[in-house]
Amino acid sequence: MSALSNYALRMARLSARIFGEVVRPTDSKSMKVVKLFSEQPLAKRKEVYDWYPPHNTYFALMKKLRFFGLYRDEHQDFKEEMRRLKKLRGKGKPKKGEGKRATKKK
């Protein structure tokens, strides 16, 4: 006959489940796996996801500073100048509804 009654076994298992312990007796190799799965995933650890600065916030702030004239973004200036020169030569984007497909149907 077993040392514990059926009720006592069920209550021990329920207690282990409630308090986050291993429900059935396990060896050291299995405990290593249990410990691995009980840890928080790498992607959800604060030191991992806060590693890089918030680039979107910095980009928005720099854009506002550039608009006010307090910051000079030479790459963005170059891109705007190239866009302006293309428009002068007639190479800019067509307006909505004036593309190749729209002119083909008429």
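In this chain, numbering begins with 1 at the start of the sequence shown. All values derive from a computational prediction rather than experimental measurement.
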Requested in this report: Quick one: pull up NZ in Lys93 and NZ in Lys87 and give me the separation to the nearest 0.5 Å.
Outcome: 10.0 Å

Report task. Drop me the distance from Ser38's OG to Met31's CE, to the nearest 0.5 angstrom. Result -> 8.0 Å

Report summary line: With sequence neighbours left out, the residues meeting side-chain contact (heavy atoms from CB on, under 4.5 Å) with Lys46 are Tyr49, Asp50

Query raised in the report: If you link I, L, V, M, F, W and Y whenever their side-chain heavy atoms are under 4.5 Å apart, who else ends up in the same group as Leu36?
Result: none

Query - Same apolar cluster: Phe59 and Phe68, side chain cutoff 4.5 Å - result: no

Query raised in the report: Can you list the residues that meet the side-chain contact (heavy atoms from CB on, under 4.5 Å) rule with Ala12, with sequence neighbours excluded?
Result: none

Requested in this report: First locate atom NZ of Lys35, then atom OG of Ser28, and finally report the distance between them rounded to the nearest 0.5 Å.
Outcome: 12.0 Å

Query raised in the report: Among the clusters formed by ILVMFWY side chains lying less than 4.5 Å apart, do Tyr58 and Leu65 turn up in the same one?
Result: no

Query raised in the report: At what distance, to the nearest 0.5 angstrom, does CG of Asp73 lie from CD of Glu80?
Result: 9.0 Å

Requested in this report: Following the transitive rule for hydrophobic clusters with a side-chain heavy-atom cut-off under 4.5 Å over Ile, Leu, Val, Met, Phe, Trp and Tyr, establish whether Phe67 and Leu61 coincide in one cluster.
Outcome: no

Query raised in the report: Do the non-hydrogen side-chain atoms of Glu39 and Arg45 ever get within less than 4.5 Å of each other?
Result: yes

Requested in this report: Test Arg72 against Arg66 for side-chain contact (heavy atoms from CB on, under 4.5 Å), laying out the working first.
Outcome: CA-CA 6 Å; Arg72 186 161 180 98; Arg66 184 173 178 268; over 6 Å; no

Query raised in the report: Atom CG of Leu42 and atom CD of Glu47: how far apart are they, to the nearest 0.5 Å?
Result: 8.0 Å

Query raised in the report: How are the rings of Phe78 and His75 set relative to one another: parallel (under 30°), tilted (30 to 60°) or perpendicular (over 60°)?
Result: parallel

Query raised in the report: Could you state the interatomic distance from CZ (Arg84) to CZ (Arg89), rounded to the nearest 0.5 Å?
Result: 11.0 Å

Report summary line: Note: Val22 and Val34 closest approach over all heavy atoms is CG2-CG1, 3.6 Å

Query raised in the report: Do Arg13 and Ser15 have side-chain heavy atoms sitting under 4.5 Å apart?
Result: no

Report summary line: For Gly99 and Pro94, the nearest pair of non-hydrogen atoms, with its separation, is CA-CG, 4.1 Å

